[in-house]
Amino acid sequence: MGKKTVKYVAVAVSLLLSALLMGITFWLSGALRGEVRESSENVEEYRRWSIPEKYTQLLLFPEKLPDSAENVEYYYKYESGWDRPMSQIFLSCTLDKEDYKEEEKRLSSLSWTSEEKGILTARRDDRSFCCPAYVTIAGYDFCYEYALMCEERLTIVYIYSMNTIKDDVKFNEEFLPDYFMEGFEDLSVMGTDRFTMYGGQDSFLTE
């Protein structure tokens, strides 16, 4: 083996070891910081979420699916991240007429009591989405929580998203509001001028 070959092999091994050490370092850093990475498409794991209850109680999502639920689609992902956690939940189901009306009644009456702002309720939005929606978080700190009401098909689409750009959502973009992630490039904006049923940064649910 020539000197040049030995040199190239030594450089390659050195680079490989450096990359391996960096990977181990990042892994250990994440582990020490308690970093969490989860994802699931198994509806049997519905509501087994690690999303911190800082901005939301996820009241929009039903405790369990009605017995009439069909054509169920489900996706969940959460990454705690170092500075800004990223998460998304997608649930779509078709119900019979009675269950659909019952669920619409529940969504329309959702509320949360904030010590600073009193009772706040879910808002109905007939303009920003592909179909009417009940909204509990409308872009506050780049967080979204809403249910789309597709009455003609008796289908309800539930969505929660935080700090997730359009290219990374795992569902059809047509379900996003027209103001999705506006101003995200300027993190100083924070989107705190937008609505949240949970009261906002003066009403953090838990620390």
Side-chain angles (χ1 to χ4, degrees), residues 35-43 45-63 65 71-93 103 106-108 110 112 120-150 155-201 203-206:
E35 187 169 349
V36 178
R37 292 175 180 267
E38 298 176 342
S39 65
S40 176
E41 296 182 49
N42 182 1
V43 72
E45 299 177 352
Y46 175 67
R47 294 200 71 92
R48 298 178 190 173
W49 305 323
S50 296
I51 297 172
E53 295 178 345
K54 185 173 184 179
Y55 292 117
T56 178
Q57 285 273 315
L58 296 169
L59 297 179
L60 186 92
F61 291 83
E63 286 295 321
L65 293 176
N71 305 319
V72 178
E73 295 181 48
Y74 173 68
Y75 179 78
Y76 158 69
K77 183 176 182 179
Y78 172 64
E79 295 183 2
S80 59
W82 287 0
D83 298 309
R84 296 183 68 84
M86 295 183 292
S87 53
Q88 56 182 304
I89 304 172
F90 173 85
L91 174 69
S92 174
C93 59
E103 181 62 2
R106 183 188 73 85
L107 291 168
S108 66
L110 285 176
W112 177 263
L120 300 171
T121 60
R123 294 181 178 179
R124 183 179 171 98
D125 186 338
D126 295 322
R127 299 182 301 174
S128 306
F129 299 85
C130 61
C131 54
Y134 288 103
V135 182
T136 49
I137 308 177
Y140 187 92
D141 200 9
F142 308 112
C143 183
Y144 305 80
E145 186 179 289
Y146 54 90
L148 301 173
M149 311 302 296
C150 309
T155 297
I156 304 179
V157 177
Y158 306 84
I159 288 175
Y160 174 83
S161 171
M162 185 173 190
N163 295 327
T164 302
I165 61 173
K166 186 178 293 186
D167 289 344
D168 290 337
V169 298
K170 299 297 183 180
F171 48 86
N172 197 317
E173 290 183 10
E174 72 172 343
F175 297 139
L176 298 173
D178 56 17
Y179 54 82
F180 185 73
M181 297 303 279
E182 281 184 356
F184 186 65
E185 295 79 8
D186 182 5
L187 293 181
S188 63
V189 175
M190 294 292 284
T192 52
D193 59 326
R194 296 195 175 276
F195 166 74
T196 170
M197 186 183 80
Y198 302 104
Q201 44 180 220
S203 304
F204 286 159
L205 304 179
T206 61

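Start at 1 with the first residue, then count along the sequence. Note that this is a predicted model, so its numbers are computed, not measured.
- Annotation: side chain of Phe180 is in contact with side chain of Val169 (closest heavy-atom distance under 4.5 Å).
- With rounding to the nearest 0.5 angstrom, the CZ atom of Phe90 is 5.0 Å from the CZ atom of Phe175.
- Expressed to the nearest 0.5 Å, how far CG of Leu176 lies from NZ of Lys166 amounts to 6.5 Å.
- The distance from atom CE of Met86 to atom OG of Ser80, rounded to the nearest 0.5 Å, is 9.0 Å.
- Side-chain contact between Arg106 and Pro62 is present, with heavy atoms from C-beta onward closer than 4.5 Å.
- Glu145 places none of its side-chain heavy atoms less than 4.5 Å from the side chain of Ile89.
- No donor-acceptor pair closer than 3.5 Å links the side chain of Arg194 to the backbone N or O of Tyr144.
- When all heavy atoms of Asp141 and Asn163 are compared, the closest pair comes out as O-OD1, 3.9 Å.
- With values rounded to the nearest 0.5 angstrom, Asp126 atom CG is found 11.5 Å from Met149 atom CE.
- Counting heavy atoms from C-beta on, the side chains of Leu110 and Thr136 come closer than 4.5 Å.
- Heavy-atom minimum distance, Met197 versus Trp112: O-CB, 3.5 Å.
- In this structure a side-chain-to-backbone donor-acceptor pair under 3.5 Å is present from Asn172 to Glu174.
- Put simply, OH on Tyr146 and CG on Asp125 are 10.5 Å apart, with the number rounded to the nearest 0.5 Å.
- The nearest pair of heavy atoms linking Val157 to Ser92 is CG2-OG, 3.7 Å.
- Side-chain contact between Tyr160 and Ile51 is present, with heavy atoms from C-beta onward closer than 4.5 Å.
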Exercise. Step by step, would you call Thr196 with Cys143 a side-chain contact (heavy atoms from CB on, under 4.5 Å)?
Worked result: CA-CA 9 Å; Thr196 170; Cys143 183; over 6 Å; no
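- Exactly one residue among Glu38, Gln88, Glu45 makes a side-chain hydrogen bond (donor to acceptor under 3.5 Å, both in side chains) with Tyr76. That residue is Glu38.
- Looking at Pro132 and Arg124, their side chains come closer than 4.5 Å, going by heavy atoms from C-beta outward.
- The two atoms that bring Ala138 and Tyr179 nearest to each other are CB-OH, 3.2 Å, heavy atoms only.
- Trp49 has its side chain within reach of Phe61: a pair of non-hydrogen atoms, C-beta onward, lies under 4.5 Å apart.
- When all heavy atoms are compared, the tightest approach of Thr56 to Leu58 is OG1-N, 2.7 Å.
- Partners of Tyr74 by ring pair (Phe, Tyr, Trp, His ring centres under 6.0 Å), not counting sequence neighbours, listed by chain and number: Tyr46.
- Here the straight-line distance linking atom CG of Leu59 with atom OH of Tyr198 works out to 4.0 Å at 0.5 Å rounding.
- Closest approach of Glu103 to Ile156, counting heavy atoms only: CG-CD1, 3.5 Å.
- Counting heavy atoms from C-beta on, the side chains of Tyr78 and Val36 come closer than 4.5 Å.
- Tested against Leu60 for a side-chain contact (heavy atoms from CB on, under 4.5 Å), the candidates Ile159, Leu107, Ile137 yield a single pass: Leu107.
- Under the ring pair (Phe, Tyr, Trp, His ring centres under 6.0 Å) criterion, Tyr134 pairs with no residue, sequence neighbours left out.
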